[in-house]
Participant: 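Here it is: the structure, laid out below.
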Amino acid sequence: MHNDLDKVLVTEQQIKERIAELGAEISSSYKPGDELSLVAVINGAILFAADLIRQITIPVSLDCMRVSSYQDATSPQQAPEIIDMLRLDLEGRHVIIVDDILDTGHTMKKVCDEIRKLRPASLKFAVLLEKSGRREVHMKPDFVGFRIPDEFVVGYGLDFAEQYRQLPMIGVLKPECQNPPVWI
Ligand code: IMP
Ligand code: MG
């Protein structure tokens, strides 16, 4: 375990096994001939999307969307904004938005609203992690990796002030490593 973590919530092995299951579930959710696209919300979902797409056995394209982040804090400072939009044409395609974590729901709502304007054939949402205690917008993901308690987590793509994304596991940061402290 990394020295800055208080505890590990999801191990590297658990992530690997669950993503294999999600990939199989997604691969069997579409009919032959369906054109599937993953849209990764970066930066947080980069690692998840990279591992998930390799577990999908039907043809699939990949694009990314950049959404404004927490910056150096641990809770949302402002309404999310789309900073960099997609390059692919999603009209008529079956789209799965891939994000690292669903928390208040504002990011997912914003991304879904924008993608819907592009007239996809269908729109689903996959999140690696789901926290439910702070939901402000009703949003129900179609594919969930793990449901976790309402704690600020880092690792496997999730950051605090752009650090810890490279950790292979997901864990709770020690309070002394959070500056400013969480949940104030
Ligand atoms: P929401 O808009 O509140 O649902 O937040 C979604 C985004 O906030 C995620 O895509 C993450 O980038 C970030 N986020 C939420 N909770 C955490 C956390 O515990 N650790 C790191 N980032 C988080
Ligand atoms: Mg994110």
Side-chain angles (χ1 to χ4, degrees), residues 1-2 4-12 14-15 18-19 22 38-52 62-86 95-116 123-184:
M1 181 166 86
H2 190 281
D4 291 0
L5 292 184
D6 231 358
K7 60 183 171 197
V8 173
L9 288 186
V10 192
T11 65
E12 184 173 7
Q14 287 171 322
I15 294 172
R18 185 67 187 120
I19 291 180
L22 289 176
L38 293 192
V39 171
V41 181
I42 57 174
N43 295 334
I46 280 184
L47 277 69
F48 177 37
D51 285 341
L52 182 63
L62 173 68
D63 204 348
C64 297
M65 211 166 157
R66 187 181 291 273
V67 180
S68 60
S69 73
Y70 285 10
Q71 289 158 348
D72 289 354
T74 52
S75 54
Q77 305 296 292
Q78 62 196 39
E81 278 175 45
I82 309 294
I83 300 174
D84 193 10
M85 198 41 188
L86 305 162
V95 175
I96 303 179
I97 300 166
V98 179
D99 204 357
D100 51 3
I101 186 165
L102 173 62
D103 186 15
T104 64
H106 288 291
T107 304
M108 203 213 261
K109 167 100 176 50
K110 178 74 183 171
V111 173
C112 285
D113 288 350
E114 290 303 314
I115 303 265
R116 245 183 234 111
L123 183 58
K124 291 190 175 182
F125 202 94
V127 281
L128 180 66
L129 305 173
E130 182 179 18
K131 292 194 275 197
S132 18
R134 304 201 312 155
R135 193 84 78 253
E136 291 171 12
V137 184
H138 176 73
M139 281 281 160
K140 203 179 156 307
D142 301 277
F143 306 99
V144 180
F146 303 92
R147 296 198 167 81
I148 60 163
D150 292 317
E151 296 188 90
F152 190 81
V153 293
V154 294
Y156 195 70
L158 292 121
D159 73 307
F160 173 71
E162 292 304 327
Q163 294 303 302
Y164 308 109
R165 291 195 199 273
Q166 83 270 36
L167 299 185
M169 76 291 276
I170 293 162
V172 179
L173 208 50
K174 285 181 181 161
E176 61 267 33
C177 299
Q178 301 171 0
N179 186 22
V182 285
W183 313 133
I184 49 170

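Just the heavy atoms: all of them, side chains too, but no hydrogens, waters or symmetry mates, feed the values below. When a residue number appears, it is its place in the shown sequence, counting from 1. Order of appearance sets the numbers: ligands from 1, and atoms from 1 within every ligand.
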Participant: Would you mind listing which atoms of ligand 1 come within a distance below 4.0 Å of any non-hydrogen atom of Thr107?
Facilitator: 1 (P), 2 (O), 5 (O), 6 (C), 7 (C)
Participant: Could you tell me which atoms of ligand 1, counted from 1 in the order shown, lie closer than 4.0 angstrom to a heavy atom of Thr104?
Facilitator: 1 (P), 2 (O), 3 (O), 4 (O)
Participant: Closer than 4.0 angstrom: is that true for some heavy atom of Lys110 and an atom of ligand 1?
Facilitator: no
Participant: When you compare ligand 1 with Val153, is there at least one nitrogen or oxygen pair between them that comes in under 3.5 angstrom?
Facilitator: yes
Participant: More than 12 non-hydrogen atoms from neighbouring residues, nucleotides or ligands closer than 6.0 Å to NZ on Lys174, yes or no?
Facilitator: yes
Participant: Walk me through it: do Lys131 and Asp150 pass the test salt bridge (Lys or Arg N to Asp or Glu O under 4.0 Å)?
Facilitator: CA-CA 6 Å; Lys131 292 194 275 197; Asp150 292 317; 5.9 Å; no
Participant: Closer than 3.5 angstrom, by distance alone: can the side chain of Asp63 be matched with the main-chain N or O of Val39 as a donor-acceptor pair?
Facilitator: no
Participant: Compute the minimum heavy-atom distance from Val154 to ligand 1 and say whether it is under 4.0 Å.
Facilitator: no
Participant: With heavy atoms only and a cut-off of under 4.0 Å, state how Leu158 meets ligand 1: side chain, backbone, both or neither.
Facilitator: side chain
Participant: For a 4.5 angstrom cut-off between non-hydrogen side-chain atoms, does Cys177 reach Leu5?
Facilitator: no
Participant: Side-chain contact, heavy-atom cut-off 4.5 Å: Ile97 with Met108?
Facilitator: no
Participant: Please identify which atoms of ligand 1 are closer than 4.0 Å to at least one heavy atom of Gly105.
Facilitator: 1 (P), 3 (O), 4 (O)
Participant: Among Val137, Val111, Asp103, Ile101, which one puts a heavy atom closest to atom 23 (C) of ligand 1?
Facilitator: Ile101
Participant: Donor-acceptor check, side chain of Arg18 to backbone of Gly145, threshold 3.5 angstrom: yes or no?
Facilitator: yes
Participant: Does some side-chain heavy atom of His2 sit less than 4.5 Å from a side-chain heavy atom of Tyr164?
Facilitator: yes
Participant: Please confirm whether the backbone N or O of Val41 pairs with a side-chain atom of Arg66, one donor and one acceptor, at under 3.5 Å?
Facilitator: no
Participant: Quick check on contacts: which atoms of ligand 1 are under 4.0 angstrom from a heavy atom of Asp99?
Facilitator: 10 (O)
Participant: Given Met108, Lys131, Glu130, Lys109, which one has a non-hydrogen atom that is nearest to atom 19 (O) of ligand 1?
Facilitator: Lys131
Participant: Does Asp159 come within less than 4.0 Å of ligand 1, judged by its heavy atoms?
Facilitator: yes
Participant: At the 4.0 Å heavy-atom cut-off, does Glu151 count as touching ligand 1?
Facilitator: yes
Participant: Look at ligand 1 and say whether Pro80 reaches it with a heavy atom at a distance under 4.0 Å.
Facilitator: no
Participant: May I ask you to test the Leu129-Tyr156 pair for a side-chain heavy-atom distance under 4.5 Å?
Facilitator: no
